[in-house]
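A, B, ... follow the sequence lines: proteins, then strands. Residue 1 opens every chain. Note that this is a predicted model, so its numbers are computed, not measured. No hydrogens, no waters, no symmetry mates; every other heavy atom, side chains included, goes into these values.
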There are 2 protein chains.
Amino acid sequence: MAKANLHPAPIEEDSDIERLLGYNLKRAYMIVRDDFRRQVEQSILSPRAFSVLTLIVETQGLTQSDVARKLGIERSGLVAIIDDLEGKGLAQRRAVPGDRRSQALMATAQGCALHSETMARVDAHEKALLAPFTPAEREQFLALLRKFRAAHEEEDT
Amino acid sequence: MAKANLHPAPIEEDSDIERLLGYNLKRAYMIVRDDFRRQVEQSILSPRAFSVLTLIVETQGLTQSDVARKLGIERSGLVAIIDDLEGKGLAQRRAVPGDRRSQALMATAQGCALHSETMARVDAHEKALLAPFTPAEREQFLALLRKFRAAHEEEDT
DNA sequence: ATAAATAATTTATCTAGTAAACAGTATTGT
DNA sequence: ACAATACTGTTTACTAGATAAATTATTTAT
């Protein structure tokens with residue numbers, strides 16, 4: 001146990017990338033995503049499926065295009081998510097009277113129930129993640145994130 | 001153009017998910033990542049490759065395991081990245097005198113050059129993204145992200 | 001009537017990241 | 001000295017998430 005310590009992995013806390021916004025955002029997002037998975041995905045829903053279900057519970061009758069626009073994802077990616085939600089009895093596609101191209105998305109009673117149960121767990125898991133912050137910091141953190149998004153999401157719809 | 005407006009996509013700005021930390025972090029990260037790609041990837045480097053190159057430029061001689069630990073990714077995922085950097089003449093694997101398992105990662109002169117050129121572009125692109133913020137807000141934003149990471153990344157390593 | 005636009009879908013492709021198993025090497029305990 | 005254990009880099013296979021192009025059915029505009 002004498003010599004082999006030639007590459008001791010300095011672990012300086014202040015590499016250049018530690019100062020970059022993108023790197024910090026990515027790591028922070030990964031923390032939340034992983035925690036979400038541990039806490040919530042047991043309850044059937046992936047992060048994406050949860051966000052979709054939330055939208056259609058809140059606003060019954062949105063079309064898939066509406067949801068895709070709101071979430072900033074492609075319509076094509078939504079098909080599988082809706083298939084999944086529908087297969088689990090959480091949501092339904094229904095014909096829209098005025099437009100036979102569109103499908104109105106409706107959450108079932110079961111979907112609403114799972115959503116509120118899951119939302120409670122999500123709130124709890126986020127509260128735990130934000131525990132190291134003071135209430136003022138929590139406000140600031142979310143306010144800054146929202147301001148950042150607002151400044152850059154305007155250009156697209 | 002009279003009747004078909006049955007699903008007007010309400011676009012209320014305040015869905016429940018808009019209040020969630022995870023959702024806001026994800027959208028914010030996507031903004032930065034997409035912008036990074038537009039600005040930087042033209043210059044050969046993906047976000048991941050850039051972060052790896054940065055580390056080994058700053059600390060020549062890190063092993064792959066060191067880098068994986070620092071970046072919080074799997075060693076297996078690093079292999080392709082190093083292969084790529086090596087193939088482009090930006091980095092090299094070298095034998096470590098004391099340990100024949102490890103490979104010391106060294107950035108080439110070309111790698112150092114590309115790194116500093118790219119870092120300049122990254123700084124510029126981040127400065128532009130943070131332009132909507134006041135200097136105080138910028139400080140706060142990064143400080144909060146770092147505090148958040150520090151509070152949750154301690155357990156692993 | 002015809003052209004252009006839209007909604008949902010299918011297919012293929014890409015990136016990122018994870019997990020498991022492997023061979024070679026090193027360290028530790030006895 | 002030897003056996004058990006652990007670590008390094010690697011391969012392979014797999015998953016998730018996202019994107020892009022092409023397709024069909026339908027609607028709107030001219």
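The CD-P distance, from B:E74 to D:dT11, rounds to 16 Å in whole Å. Here the C1' atom of nucleotide D:dT15 and the CG atom of A:D84 are 14 Å apart, to the nearest Å. Put simply, CZ on B:R38 is 14 Å from C1' on D:dT19, counting in whole angstrom units. Rounded to whole angstrom, the span from the CE atom of A:M30 across to the C1' atom of C:dT18 amounts to 11 Å. We find that CG of A:D66 is positioned 13 Å from C1' of C:dA8, with the value rounded to whole Å. If you measure from atom CG of B:D34 to atom P of D:dA18, you get 10 Å, rounded to the nearest angstrom. Distance CD1 (B:I82) to C1' (D:dG9): 11 Å, rounded to an integer number of Å. Counting to the nearest Å, the P atom of D:dC7 and the CG atom of B:D99 are 12 Å from each other.
Residue-to-nucleotide contacts include a donor-acceptor pair under 3.5 Å from the side chain of A:R101 to the base of C:dT6. Contact annotation: side chain of A:S46 to base of D:dA16, donor-acceptor pair absent below 3.5 Å. No N or O donor and acceptor, one from the side chain of A:S102 and one from the base of C:dA8, sit under 3.5 Å apart.
Residue B:R75 places no side-chain N or O under 4.0 Å from the OP1 or OP2 atom of D:dT11. Within the 4.0 Å cut-off from OP1 or OP2 of C:dG17, at least one side-chain nitrogen or oxygen of A:K26 is found. Between D:dC7 and B:R100, no contact under 4.0 Å exists linking OP1 or OP2 to a side-chain N or O. Between B:R94 and the phosphate of D:dG9, there is no side-chain N or O to OP1/OP2 separation shorter than 4.0 Å. Look at B:R33 and you won't find any side-chain N or O under 4.0 angstrom from OP1 or OP2 of D:dA18. Taking 4.0 angstrom as the limit, A:Q64 places a side-chain polar atom (N or O) nearer than this to OP1 or OP2 of C:dT9.
Under a 4.0 Å N-O distance rule, the pair B:D123/B:K127 does not qualify as a salt bridge. In this structure, B:E18 does not pair ionically with B:R27, as no charged nitrogen and carboxylate oxygen lie closer than 4.0 Å. Comment: B:K70 does not engage B:D66 in a salt bridge, judged by the lack of any side-chain N to carboxylate O separation of less than 4.0 angstrom.
Among the atoms of the strands shown, only primed sugar atoms or phosphate atoms (P, OP1, OP2) are found under 4.0 Å from some heavy atom of A:S65.
Side-chain proximity of A:Q103 to the nucleotides C:dA8, C:dA7, D:dG9 is greatest for C:dA8.
The closest side-chain heavy-atom distance from B:D35 to B:R38 is below 4.5 Å.
Residues A:L53 and B:I17 are members of one and the same hydrophobic cluster, defined by side-chain heavy-atom contacts under 4.5 angstrom among Ile, Leu, Val, Met, Phe, Trp and Tyr.
In terms of position on DNA chain D, the residue among A:G72 and B:A104 whose nearest nucleotide sits closer to the 5' end is B:A104. Along DNA chain C, the nucleotide nearest to B:I73 and the one nearest to A:S76 differ in position, and the one closer to the 5' end is contacted by A:S76.
Annotation: A:E139, atom CD; neighbour count of heavy atoms from other residues, nucleotides and ligands within 6.0 Å does not exceed 12.
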